[in-house]
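By convention in this document, chain letters (A, B, ...) are assigned in the order of the sequence lines, proteins followed by strands, and residues within each chain are numbered from 1.
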Amino acid sequence: MEMTNRQVARVLEEIGQLLEVQGENRFKVRAYMAAADRIGHLTGPVGDLTEEELEAIPGIGRALAGKIHQIVQTGTCTERERLIDATPPGLIPLLDLPGVGPKTVRRLWTELGVEDTDSLIAAARNRRVRALKGFGAKKESDILRAAETAGKMTERMDVSGAKRRAAVLMAAIPGEAWVAGSLRRGRSTIGDIDIVTTAPPGETNRALRRIADSMIDEGERKTSVRIEGRRADIRYADTAELGTMLLYLTGSKAFNIRLRGIAAEQGMRLNEYGLLMRESGEVRTFPTEEGVFGALGMVPVPPELREDRGEVEYALEGRLPDLVDAGAIRGDLHVHSEWSDGTLSLPDIADEGEKKGYEYILITDHAAGIGVTHGLDAARLERQRHEIERVNRNAACTLLAGIEVDILADGHLSLPDTALKACDLVVASVHTAFGQDADTMTRRMIVAIENEHVDIIGHPTARLIGRRPPTAVDMDRIIDAAAATGTALEINASPARLDLDDIYIRQAKEQGVNLSIGTDAHRRSDLEAMRYGVALARRGWCGPSDILNTRPLSALLRADE
DNA sequence: GCCGTTTTCGGCCCGACTGTTTTCAGTCG
């Protein structure tokens, strides 16, 4: 059983964490973490690479290449085994406690014998933590509270929850404010909210105190609050310094480290306030991010690409990929109506499409099948098509007659081919038997991909963020099959799904697989999710030509022939 | 552990805030 990229990345990350607890050099820890990120975001199986090819990856040298090779072969490596023998693995979760870092974990372990969350809670309750030099009662109670609520805060938010919290904060801030962080980068899950504002700190802090659950830190330059149970960081900036501040707070962390390294190579020092010329001592400030990029000799990098996954090198050469944007989207390729479990009528959907300036919307009601109420059988699908034709006679936005058909447990579809043949486009999705093993699930989906009537595979991993994990499907094989058959993979734009993940979008794009963006809308407001799908496509380095729904109607339907 | 038209050794982004401190270490982003 070959290790997946993510499994290998996870082992590297674990080694990094064990090294952290062991008090190892933080740069060594970072090397493992960076390597884990690189391996986790390769577009292709790590097992296919030789040690020489591994060493060619930035941040991976001889030593790591050897260990990665060993991990691919055996699932572990001697370094990891050595560390596990020397370190209680229960210490690793303690690194995630807010306010607790590697130094603290190590001291709790070596000086108090703490080996896991339970023994930490016991030590704190017995007031043994405050006895440590440099620790006090406050620190002890903070640690205790963190340990007692461990696990509840670690899960990331979905995008809609993050947007809602950001809106509450922006409304309270008495001045202009901008969203930064992973929300601005278009990530599919969000850890915390980051906001930059030019509003005055004192007044803003007072306003935030009124709406926040609690204040985490409070300062003149930076304030952190808890809002609806989640952390939010607010940075104060002068208008003249907005460029560097937005750049800094947007991240990613890995991207910031790269940019600051590039500044250093050019005899400059980059921070959130400006660019210091080391020679002259002059500090240049920038009201916009574009100015900063220019001063570093780079073309501006769109937020969605800022992950240090190759975009920095491209930007230095002045040639970033042309990314798809919302304006290029001519229609929505996944919308439910009241004919199945949606709330909108067909004329409503056509109206909404017209308001958005769409050329077309693909109606994809559920087919009758397992678990879906009001699914369409062949007869109702036929009647719906006639209704669509009627609505289209006086609609500016053309409704396309489609279906979202179930991929049954054995790969067969929940409607006969004759019914599918009559559709403009067919979306096929997994809605049952999510727990199948990787091989069964993969073969099941490949049967559907190879069905000549299936045009798009809907929400390919079926995950629901925070509620249902992705299926065990082997996405490498799915992408290969989609490439071979010309079947498109969906980028499901619903904030609850955001499925495919950006790494697979990029991999699919590189293999020439078509991608479609669909909102999976069931009600009016769901149609607004298109922008999340576009952001995800951009994170996958997609240009307009990679996305089916940038095509004019005639070209879209021609692709189906 | 990685990396090099400054270096094969000695760096590795840079700054804000807190708690427990009399000047700073640790954590965080």
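- In this structure, A:R235 reaches the sugar-phosphate backbone alone: every heavy-atom distance under 4.0 Å involves primed, P, OP1 or OP2 atoms, never a base.
- In this structure, A:Y32 atom OH and B:dC2 atom P are separated by 8 Å, rounded to whole Å.
- Using a 4.0 Å heavy-atom cutoff across all strands shown, A:N256 reaches no nucleic acid atom at all.
- Comparing the C1' positions of B:dC28 and B:dC13 gives a spacing of 14 Å, expressed to the nearest Å.
- Residue contacts shown for A:R269 are limited to sugar-phosphate atoms, with no base heavy atom under 4.0 Å away.
- Residue A:R221 places at least one side-chain N or O under 4.0 Å from the OP1 or OP2 atom of B:dA16.
- Taking atom CZ of A:R258 as the reference point, atom P of B:dG29 lies 23 Å away to the nearest angstrom.
- Of the candidates A:E311, A:E304, A:E307, A:R538 forms a salt bridge (Lys or Arg N to Asp or Glu O under 4.0 Å) with just one, namely A:E304.
- Both A:K67 and A:E220 lie near DNA chain B, and the one whose nearest nucleotide falls closer to the 5' end is A:K67.
- Side-chain nitrogen and oxygen atoms of A:K28 include at least one within less than 4.0 Å of the OP1 or OP2 phosphate oxygen of B:dG1.
- Residue A:V29 is out of contact with every strand shown, counting any heavy-atom pair closer than 4.0 Å.
- Distance CZ (A:R107) to P (B:dT27): 10 Å, rounded to an integer number of Å.
- Here A:E218 lies in heavy-atom contact (under 4.0 Å) with sugar-phosphate atoms only.
- For B:dG29, the base has a donor-acceptor partner in the side chain of A:Y248 [N/O atoms by modelled type, under 3.5 angstrom].
- Note on A:N271: a side-chain N or O is less than 4.0 Å away from OP1 or OP2 of B:dG15.
- Contacts of A:T104 with the nucleic acid, taken as non-hydrogen atoms under 4.0 Å apart, involve only primed sugar atoms and P, OP1 or OP2.
- Nucleic acid contact for A:A137: sugar-phosphate only, since backbone atoms but no base atoms lie under 4.0 Å from a heavy atom of the residue.
- Atom CD1 of A:I143 and atom P of B:dG19 are 12 Å apart (whole Å).
- Comparing B:dA25 with B:dT20, their C1' atoms are spaced 10 Å from each other, to the whole Å.
- Rounded to whole Å, the separation between the P atoms of B:dC12 and B:dC17 comes to 24 Å.
- For the pair A:R187 CZ and B:dG29 C1', the computed distance is 14 Å after rounding to whole Å.
- Looking at heavy-atom distances under 4.0 Å, A:L259 makes no contact with the nucleic acid at all.
- Listed pair A:K253 / B:dC28 fails the phosphate criterion, with no side-chain N or O lying under 4.0 Å from OP1 or OP2.
- A cation-pi contact, defined as under 6.0 Å to the ring centre and within 45° of the axis, links A:R221 to A:Y273.
- Within 4.0 Å of A:E272, counting heavy atoms only, lie sugar-phosphate atoms of the nucleic acid but no base atom.
- A straight line from CE of A:M245 to C1' of B:dC14 spans 12 Å, rounded to a whole angstrom.
- With rounding to whole Å, A:D192 atom CG is found 6 Å from B:dG29 atom P.
- Within the 4.0 Å cut-off from OP1 or OP2 of B:dG19, at least one side-chain nitrogen or oxygen of A:K138 is found.
- Nucleotides B:dT6 and B:dG11 place their C1' atoms 12 Å apart, quoted to the nearest Å.
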